[in-house]
Trainee: 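Following this message is one structure expressed as structure tokens.
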Amino acid sequence: MFKTFAKAIQSLSVALLMGLPMASSAQQLSENASIVVESPWARASLGMSRPGGAYLTVRNEGSDQISLIGLRAEISGMASIHETRTNSDGVSSMAPADDIVIPPGGMFALEPGGYHAMLMQLQSPLVEGETFPLTLLFSDGTELEITVPVLGIGARGPEG
Amino acid sequence: MMRVAKIAAIGAAAVFAALFVGWWQVDGPGADSAPGKRSLPLTAMEFSLTDQDGRDVGPETLIGEPSLVFFGFTYCPDVCPTTLSDISGWLDEIGPDAEDLNTVFITVDPDRDTVETMAEYVSYFHPQIQGWTGLPDQIAAIADGFRATYEKVEGENGEYTMNHTAGVFLFDATGRFVTTIDYHEPREFAVPKIRRAMQNRTERAES
């Protein structure tokens with residue numbers, strides 16, 4: 001009885017271990033398959049009063065230039081792309097980013113210390129192990145909904 | 001007489017060479033602080049803050065062991081958790097040698113970052129990381145000693161964020177400022193810098 005239980009736990013852990021990286025690195029395609037989003041992830045939040053942060057990479061596999069112009073997420077009352085800048089005195093600041101232009105064949109990464117999806121006014125906490133939908137808005141009218149896995153607060157990248 | 005002058009000259013040259021090597025290692029190319037913006041030694045600072053367990057802390061808490069200090073705030077979605085994750089990784093990489101390294105995250109947003117908040121926040125990172133908060137004037141005092149700056153930036157709907165010095169400060173066991181680890185510096189530079197701050201203590205203990 002105990003053995004079976006232990007085995008079930010073991011296979012569940014394996015499934016979780018295998019499932020998580022797969023979920024975070026899965027490619028998510030737009031309808032015309034010209035925009036590919038890779039490795040989305042978010043940090044778990046401390047409750048709902050602090051803004052959440054999420055990261056991802058967008059690749060433009062189409063023949064036209066595209067611009068990432070905004071974000072929408074049910075989990076956030078105000079989702080936008082922010083840029084972290086660090087000046088020559090080592091002082092870091094954050095500001096809403098301009099539209100992000102991605103040339104054909106190009107890619108753009110939202111990653112720690114650079115650009116991030118800023119999820120303000122969280123409607124529910126970002127809980128490690130859960131996922132939430134995030135919609136990327138592009139200049140050509142494309143709206144691409146992706147699934148973002150939530151990693152720990154101490155995560156450094158899509159692999160944790 | 002000439003001989004004495006020659007020996008003196010050689011001696012002076014040796015002293016200058018030693019000073020130059022020291023300068024090269026600490027303030028020379030690759031050093032991060034602009035002249036005049038160097039952190040004071042901890043022994044010249046006065047501040048009184050509270051750690052995540054409610055204990056009073058001050059410069060004396062840090063002096064005696066090497067220290068690694070970072071300013072930030074818990075409402076910070078990007079730089080602060082990233083840096084604390086980096087610091088956690090460096091501590092893991094250094095291993096047991098890092099156990100005596102004072103590792104402190106100091107909030108520049110004491111209005112929102114209470115002792116309880118700091119306790120919860122630091123609990124998500126390496127167990128060695130301490131979280132200090134305190135009265136606004138005491139935060140100002142420590143930031144001034146470190147030559148760190150911070151500024152409240154009002155946003156929409158009464159929300160605000162903080163601009164702040166994002167480098168990691170390193171001090172040796174005597175409280176002397178050694179160097180900073182800049183935010184965008186390659187990770188592989190960080191651990192040798194920390195080891196250098198720790199090494200100063202070993203050298204002093206052996207001599």
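Quick note on labels: first sequence line is chain A, next is B, and so on, each numbered from 1. All of these numbers come straight from a predicted model, not from anything done at the bench.
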Trainee: With a 4.5 angstrom heavy-atom cut-off, is it the side chain or the backbone of A:S49 that approaches chain B, or both, or neither?
Mentor: both
Trainee: Pick from B:N163, B:V79, B:D78: which one has the most heavy-atom pairs with chain A under 4.5 Å?
Mentor: B:D78
Trainee: Scan side-chain atoms only and decide if B:D172 and B:T174 contain a donor-acceptor pair under the 3.5 Å cut-off.
Mentor: yes
Trainee: Can you name the closest pair of heavy atoms from B:S67 and B:L42 and give their distance?
Mentor: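 Shortest heavy-atom separation between B:S67 and B:L42 comes out as OG-CD1, 4.5 Å.
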Trainee: Examine whether an atom of A:M118 lies under 4.5 Å from a heavy atom of chain B, and if so say whether it belongs to the side chain, the backbone or both; otherwise answer neither.
Mentor: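 Contact with chain B is through the side chain of A:M118 alone.
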Trainee: Decide whether B:S85 and B:S88 meet the rule of one side-chain donor and one side-chain acceptor closer than 3.5 Å.
Mentor: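 Per modelled atom types, B:S85 and B:S88 side chains form no pair under 3.5 Å.
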Trainee: Between B:D113 and B:T107, do the side chains contain an N or O donor and an N or O acceptor separated by less than 3.5 Å?
Mentor: yes
Trainee: Among side-chain atoms of B:T74 and A:R50, is any donor-acceptor pair under 3.5 angstrom?
Mentor: yes
Trainee: In terms of heavy-atom proximity below 4.5 Å to chain A, should B:T82 be classed as side chain, backbone, both, or neither?
Mentor: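 Both parts, heavy atoms under 4.5 Å.
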Trainee: Is B:Y75 in contact with chain A via its backbone, its side chain, both, or neither, using a 4.5 Å heavy-atom distance?
Mentor: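 Backbone plus side chain of B:Y75, per the 4.5 Å heavy-atom cut-off to chain A.
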Trainee: I'd like to know if A:E143 pairs up with A:R72 as an ion pair, taking the criterion as any Lys NZ or Arg NE/NH1/NH2 lying under 4.0 Å from an Asp or Glu carboxylate oxygen.
Mentor: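 Counted as a salt bridge, because a side-chain N and a carboxylate O are separated by less than 4.0 Å.
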Trainee: Between A:A44 and chain B, which part of the residue has a heavy atom less than 4.5 Å away: side chain, backbone, both or neither?
Mentor: neither
Trainee: Check each atom of B:T83 against the heavy atoms of chain A and say whether the ones under 4.5 Å are side chain, backbone, both or neither.
Mentor: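 Nothing of B:T83, per the 4.5 Å heavy-atom cut-off to chain A.
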Trainee: Kindly confirm or rule out a cation-pi arrangement of A:R59 over A:F108, judged by NZ or CZ under 6.0 Å from the six-membered ring centre and within 45° of its axis?
Mentor: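 No, A:R59 does not lie over the aromatic ring of A:F108.
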Trainee: Quick one: what part of B:F71 sits under 4.5 Å from any heavy atom of chain A, side chain, backbone, both or neither?
Mentor: neither
Trainee: Examine whether an atom of B:E151 lies under 4.5 Å from a heavy atom of chain A, and if so say whether it belongs to the side chain, the backbone or both; otherwise answer neither.
Mentor: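 Nothing of B:E151, per the 4.5 Å heavy-atom cut-off to chain A.
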